[in-house]
Amino acid sequence: LMGLGLGLGASQSSYISFSPDDISNILLWFQSNSNSTSNLLTAKFNNDGVEYDPVRTDGNLTDGDRIQRWGGQGSTAFDFFINESTDMPRFEADAGEGLSFPAGKYMDLVEAGSTTDDTIDLTGAFTVFIRCKPTNFDTSRALLGQSASAQEFIRLGASGALGINKSVRLKIDNNNVDFSESTNTIATDEYISILIERDSSNVCKMYVYSDTYKATTSGTQWGSATTQSGTATFDNLSSTEDDTQNFVGFISHVIVYSKQITAAERTELFSYVK
């Protein structure tokens, strides 16, 4: 597994001495357009909506292919899966881009190679890392959600008062943790790496890194620290409020650890994807 991770790092980034699997307690590692391992992205329909038979996988995907399954990397035992063809994210041939999400129905978290729904429950310390480029802020936009209770886990946009493109909301046991900046904004023309953590004392913090926010290699803290205990739960990618405020834009990485990673490890992640 470690050799696989290093190979994927070489294809996605010039920072080849690191793999997300090198950090312990990894739960999820999703990375689009890896171009080195088959069956991690599976397309069922082409750009015109014609069904492939058999389905296409990494290595023979073309621009606009509709991705039915996003397979986990390294030791990840999960996939993201969707059945609805018109709502499927689209493949982007440029390796620098992630999957393009059209604000359709979310992708379910499932057991690897299956369609059996699964859930991530984070009861203690955790770190969630997402690299994305939102392209529409007409409303709040979810990154990870909990479909059973029609609630989001992480979304862009906390409230109108804070500004949708200035804030991020984390939800734990239906309690809101809002991270916002009065002057900084999340742009629609660049990728931004978002890292949200909770430590062993239930203190939650958020860091970002992008072409705009790169004052330190370990990220720019966004908003204030907030203490919030409870279970953080999610089972889908890109849905909030039962499909009403789904993400629009590109997502290239989703990485989750069941611990708070160190500042040095944050630097490793930010360097790995830039």
Side-chain angles (χ1 to χ4, degrees), residues 20-21 23-30 70 72 74-82 105-112 114-132 140-159 162 167-180 193-208 221-247 251 253-262 265-266 269:
D21 258 344
I23 301 174
S24 64
N25 294 65
I26 191 168
L27 293 176
L28 301 180
W29 170 18
F30 290 89
W70 188 1
S75 59
T76 302
F78 304 92
D79 298 338
F80 284 118
F81 180 84
I82 182 172
K105 186 175 173 59
Y106 53 82
M107 299 189 85
D108 285 305
L109 183 72
V110 298
E111 296 176 7
S114 77
T115 58
T116 303
D117 291 343
D118 218 322
T119 300
I120 297 294
D121 296 307
L122 301 168
T123 58
F126 63 79
T127 302
V128 177
F129 174 90
I130 300 173
R131 181 175 180 264
C132 64
S140 299
R141 296 298 182 186
L143 291 171
L144 292 168
Q146 168 50 261
S147 55
S149 58
Q151 299 293 339
E152 78 279 358
F153 170 46
I154 296 174
R155 82 182 194 197
L156 304 176
S159 71
L162 295 173
S167 59
V168 174
R169 171 164 290 176
L170 171 70
K171 186 166 284 188
I172 299 175
D173 280 345
N174 209 27
N175 296 303
N176 297 335
V177 178
D178 293 341
F179 304 101
S180 65
S193 293
I194 297 172
L195 186 148
I196 296 177
E197 65 177 28
R198 181 169 70 177
D199 67 17
S200 58
S201 298
N202 296 315
V203 177
C204 302
K205 295 181 181 179
M206 174 178 157
Y207 299 87
V208 301
Q221 186 171 344
W222 197 278
S224 303
T226 301
T227 300
Q228 182 60 62
S229 62
T231 301
T233 300
F234 66 92
D235 64 9
N236 70 62
L237 179 66
S238 86
S239 176
T240 182
E241 303 286 344
D242 198 20
D243 271 344
T244 62
Q245 297 174 316
N246 292 1
F247 180 80
I251 299 175
H253 292 75
V254 179
I255 303 171
V256 179
Y257 299 93
S258 59
K259 71 171 189 178
Q260 176 198 26
I261 69 173
T262 67
E265 289 167 337
R266 287 204 311 270
L269 276 179

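Sequential numbering from 1 along the given sequence is applied to the chain's residues.
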Please tell me if the side chains of [X] and [Y] come closer than 4.5 Å, counting only heavy atoms from C-beta onward.
X: Ile130; Y: Leu144; result: yes
X: Leu269; Y: Tyr207; result: no
X: Thr119; Y: Gln146; result: yes
X: Met206; Y: Val208; result: yes
X: Ile261; Y: Phe129; result: no
X: Val110; Y: Asp118; result: no
X: Leu27; Y: Leu122; result: yes

For [X] and [Y], which heavy atoms make the closest approach, and how far apart are they?
X: Leu237; Y: Leu143; result: CD1-O, 3.3 Å
X: Gln260; Y: Ala125; result: N-CB, 3.8 Å
X: Phe126; Y: Ala232; result: CE2-CB, 4.0 Å
X: Ser229; Y: Arg198; result: C-NH1, 3.6 Å
X: Cys132; Y: Phe247; result: CB-CZ, 4.0 Å

Quick check against the 3.5 Å criterion: does [X] have a side-chain atom that pairs as donor or acceptor with the backbone of [Y]?
X: Tyr106; Y: Asp235; answer: no
X: Thr76; Y: Trp29; answer: yes
X: Asp199; Y: Ser201; answer: yes
X: Ser180; Y: Gly223; answer: no

Aromatic rings Phe80 and Phe30: how do their planes relate, parallel, tilted or perpendicular, breaks at 30° and 60°?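 Plane angle between 30° and 60°, so tilted.
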
Exceeds 12 heavy-atom contacts within 6.0 angstrom, atom NZ of Lys259: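 Check passes, neighbour count above 12.
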
Return yes if a side-chain donor-acceptor contact under 3.5 Å exists between Asp21 and Ser75, otherwise no.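 The answer is yes; a qualifying pair exists.
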
